[in-house]
Protein chains: 2
Amino acid sequence: MANLAKVSEATVSRVLNNVGSMKEETRQRVIDAAKVLNYAPSALARNFATSKSGSIGVILPYLPKVNMFSTYFFSEILSGIGSMSREFGYDLLLLFRPMDDVLNYYSQLFHTHKVDALIVLGSKEDPIELEALRRLKEEGRHFCLINQHYDGEGFSEVDATHEKGSYEAVTHLIQQGYKDIAFINGPDEYSNSRERSAGYRRALHDHGLEVNESLLFRGNFGRKSGHAVAPLVYARLNEVDALFASNDRMAIGLQQGLREIGIPWNQLPAMIGFDDSDIAELTTPSLSSVKVPFFHMGELAAENLLSRLRQSSLGLQDHFQIQLPTELMIRESSLRTESKEE
Amino acid sequence: MANLAKVSEATVSRVLNNVGSMKEETRQRVIDAAKVLNYAPSALARNFATSKSGSIGVILPYLPKVNMFSTYFFSEILSGIGSMSREFGYDLLLLFRPMDDVLNYYSQLFHTHKVDALIVLGSKEDPIELEALRRLKEEGRHFCLINQHYDGEGFSEVDATHEKGSYEAVTHLIQQGYKDIAFINGPDEYSNSRERSAGYRRALHDHGLEVNESLLFRGNFGRKSGHAVAPLVYARLNEVDALFASNDRMAIGLQQGLREIGIPWNQLPAMIGFDDSDIAELTTPSLSSVKVPFFHMGELAAENLLSRLRQSSLGLQDHFQIQLPTELMIRESSLRTESKEE
DNA sequence: CGTCTTTATGTACGCGCGTACATTTTCTCA
DNA sequence: TGAGAAAATGTACGCGCGTACATAAAGACG
């Protein structure tokens, strides 16, 4: 390579990285030679020399539990991260959270130089996870959580306005004339479950309604857990006229469950889900939902991380906390007219 | 590290890789020292020294087009690949097919040592793609296609019995008494589209039915393309009593389209989709579908690739071609009784 | 106990880049 | 045209492992 272009290895390196100054003619000579030999520098050696992996890790939940989350959630976020990473010339390393040893795992990903930055998806509050994240922060690593907030920790986060989204959804139901609104929430280990609950309560309160504790149900974000709640809801159907679910999958599971119990199509309670995943418009009636801009959240997480990485000379301690707005998508399931008469 | 354990660097390396012979006492001394110092060898240096990246690349379609495929498809396959890779100690590098320059891209991934093996998803027959794959084969690379077959090329492939699945689905419809079965297929660039078409034709033929060319429609696997076909189907509704779609998303789009046109719920034609994605049981009526074992396909692809990688000393030229069975999942949409009366 | 074999450990070097520094070439302006 | 500055290129070395080979320690056996 260096021979063919009649220059030193160093010059080759400079040309290919566009570093330092060089004569245009030399530059061309090197580029031509590279083309002739179909030469490309070894990413491995380059990464080793610079001690940068050139890739950004994305932590996904422990594999068997991946299905607890909607595939929509991951695919949107991953696409967002992927599109931004590509612009920065980084690759995506997919990492599944190990069953044990999370504590060392996160930290060692950096220590062994497997990743230059980390994006954590599906994180939930538990002592070990928290400690692992704190350690990353102490070590000055570049990492970011998506769709999860840890209070007072100062982690970098990209989140959405779950409380507000929830508030608007419930308000919409109230404005449609519903008063007895059941709420099926996800696990409290997720900050957005807690926020959605808060939004639900605030909406009721602001409109002079009481929270009926017996109308609060708990699922795990899976469709089946929504399905499992159906009998409980059915038992109180006379005191319920609308349902608000903490995600679409539970909403749909619940809808199916109620229908299987035998509630006729046009007597289903009004219903709103959360996430506005692609399945929301597949059901009959189509499901109103609170849209969360997952794709954009992925983009922002990657962008902030990578741009900080680029000028890593600066003090690393500045973190970012971004909250993107949600948007209520009104469909048939929450409207008095269409959904009921058809 | 070496000092603390009072051994040479070489011994440390041997202990951590469990290579060569060593005294048990020394071994412990090294392990203890490693624990004390929280030492882990740099993956980067190790990869460089062995010139192996330790990760396996997964090619996904050009990003904006990812949504053409069902997220179910990717998430299942990725999970399968991921679970097997983890067992082999490999990581997953997510790679989006570039818009241009595919030809060099694939090959250079190996040349620059970014990946040790490649799994290509969403591949479709086009001259450049084919040439890029041929080049990989010439270079003796370890790679594998999932859910796509190239005739007579001798690529490693993990596929499913699409023809048979299609045959069984159509046969089922015929046995339910349907005779005029429209078929909405995906693009012919995908081998499984062609196979599904073949299965459809064979089933009709075996049961003494003619193929009515005016009942063949074409979509692009997206829900909208199914939706777009609805008016065309509607125009011939008197000559159609059942619909077979080449994937679930088109089936559901079609179903929605027909309903929007005003076909009452209980007069929808019978319908069967393909893939058996999670959305098949979300619709009303629930959608019969041909199940494709994507997760297992991902596992097998990774397993075969990685086990060959392990004993890479052998001649690399042996390829594998695996076909997994599909399974017809019968639900409401294809049954005379339930779906029609309810 | 001495020699030969086996086992355990140390030494030295290369993997293929990036880059600080040394050196050469080219340019500038008197 | 020559000295000094700027631009272009070359030289040398390190990044942190794995590993072939050399060497030392431990066993085997007569």
Side-chain angles (χ1 to χ4, degrees), chain A residues 1-34 37-55 89-91 107-116 309-310 312-313, chain B residues 1-34 37-55 89-91 107-116 309-310 312-313:
Chain A
M1 173 62 197
N3 313 332
L4 204 165
K6 290 184 287 188
V7 294
S8 70
E9 288 289 350
T11 303
V12 173
S13 173
R14 275 186 288 253
V15 168
L16 295 182
N17 294 335
N18 199 26
V19 154
S21 51
M22 60 205 90
K23 217 187 293 181
E24 178 56 28
E25 181 218 325
T26 315
R27 173 196 196 66
Q28 268 310 324
R29 202 140 34 88
V30 172
I31 290 179
D32 291 348
L37 300 182
N38 194 15
Y39 168 87
S42 156
L44 231 45
R46 157 182 281 164
N47 292 341
F48 176 59
T50 59
S51 63
K52 288 180 181 179
S53 71
S55 56
Y90 275 77
D91 285 313
S107 174
Q108 292 211 345
L109 286 173
F110 287 94
H111 185 239
T112 66
H113 293 286
K114 263 192 140 35
V115 303
D116 298 337
L309 224 50
R310 185 174 279 173
S312 63
S313 51
Chain B
M1 172 65 198
N3 314 331
L4 204 165
K6 289 183 288 188
V7 294
S8 70
E9 289 288 351
T11 303
V12 173
S13 173
R14 276 186 287 252
V15 169
L16 295 182
N17 295 335
N18 199 26
V19 155
S21 50
M22 60 206 88
K23 215 188 292 180
E24 177 56 27
E25 183 217 324
T26 316
R27 174 197 195 66
Q28 267 309 325
R29 204 141 33 89
V30 171
I31 290 180
D32 291 348
L37 301 182
N38 192 16
Y39 169 87
S42 155
L44 231 45
R46 158 182 280 161
N47 292 341
F48 176 60
T50 58
S51 63
K52 289 181 181 179
S53 72
S55 56
Y90 274 78
D91 286 312
S107 175
Q108 292 211 345
L109 286 172
F110 287 94
H111 184 240
T112 66
H113 294 286
K114 263 193 138 37
V115 303
D116 298 338
L309 225 50
R310 184 174 279 172
S312 62
S313 51

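Note that this is a predicted model, so its numbers are computed, not measured. Numbered from 1 within each chain, the chains take letters A, B, ... in sequence-line order.
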Colleague: Whole Å only: how far is the CG atom of B:Leu44 from the P atom of C:dC15?
Modeller: 18 Å

Colleague: Between A:Asn47 and B:Leu44, which heavy-atom pair has the shortest distance, and what is it?
Modeller: O-CD2, 3.4 Å

Colleague: Looking at D:dC17, I'd like to know if its phosphate oxygens (OP1 or OP2) sit under 4.0 Å from a side-chain N or O belonging to B:Asn47.
Modeller: no

Colleague: Counting just side-chain N and O atoms, does A:Ser21 come under 4.0 Å of either OP1 or OP2 of D:dA8?
Modeller: yes

Colleague: What pair of heavy atoms forms the shortest contact from B:Ala40 to A:Gln108, and how long is it?
Modeller: CB-OE1, 3.8 Å

Colleague: In terms of relative ring orientation, are A:Phe48 and B:Phe48 parallel, tilted or perpendicular, with 30° and 60° separating the classes?
Modeller: parallel

Colleague: Looking only at the side chain of B:Ala45 (C-beta and beyond, no hydrogens), which of the listed nucleotides D:dG16, C:dA8, C:dG18 gets closest?
Modeller: D:dG16

Colleague: Please state whether the phosphate of D:dG18, meaning OP1 or OP2, lies under 4.0 angstrom from any side-chain nitrogen or oxygen of B:Arg46.
Modeller: yes

Colleague: C:dA8 P sits how many Å from B:Asn18 CG, rounded?
Modeller: 12 Å

Colleague: Using five pairs at either end of the helix from C:dC1-D:dG30 to C:dA30-D:dT1, determine the angle between the two local helix axes and round it to 10 degrees.
Modeller: 30°

Colleague: So if I take every side-chain heavy atom of A:Phe48 and compare against D:dA8, D:dG16, C:dT9, which nucleotide ends up nearest?
Modeller: D:dG16

Colleague: Distance check: side-chain N/O of A:Tyr39 vs OP1/OP2 of C:dC17, anything under 4.0 Å?
Modeller: yes

Colleague: Name every residue in residues 7-14 of chain B that has at least one heavy atom under 4.0 Å from any atom of DNA chain C, in order of residue number, or write none if there are no such residues.
Modeller: B:Val7, B:Ser8, B:Ala10, B:Thr11, B:Arg14

Colleague: Between D:dA8, C:dC17, D:dC15, which nucleotide has the shortest distance from any of its atoms to the side chain of A:Pro41?
Modeller: C:dC17

Colleague: Between A:Ser53 and A:Asp116, is there a side-chain donor-acceptor contact under 3.5 Å, judged purely by atom types and distance?
Modeller: yes

Colleague: How close or far is atom P of C:dG10 from atom NZ of B:Lys6, stated in whole angstroms?
Modeller: 12 Å

Colleague: Show the atom names and distances, to 0.1 Å, of all donor-acceptor pairs under 3.5 Å that link a side chain in residues 16-28 of chain B to residues at least two apart or in another chain.
Modeller:
residue	atom	partner	partner atom	Å
B:Asn17	OD1	B:Arg46	NH2	2.8
B:Asn17	ND2	B:Ser13	O	3.4

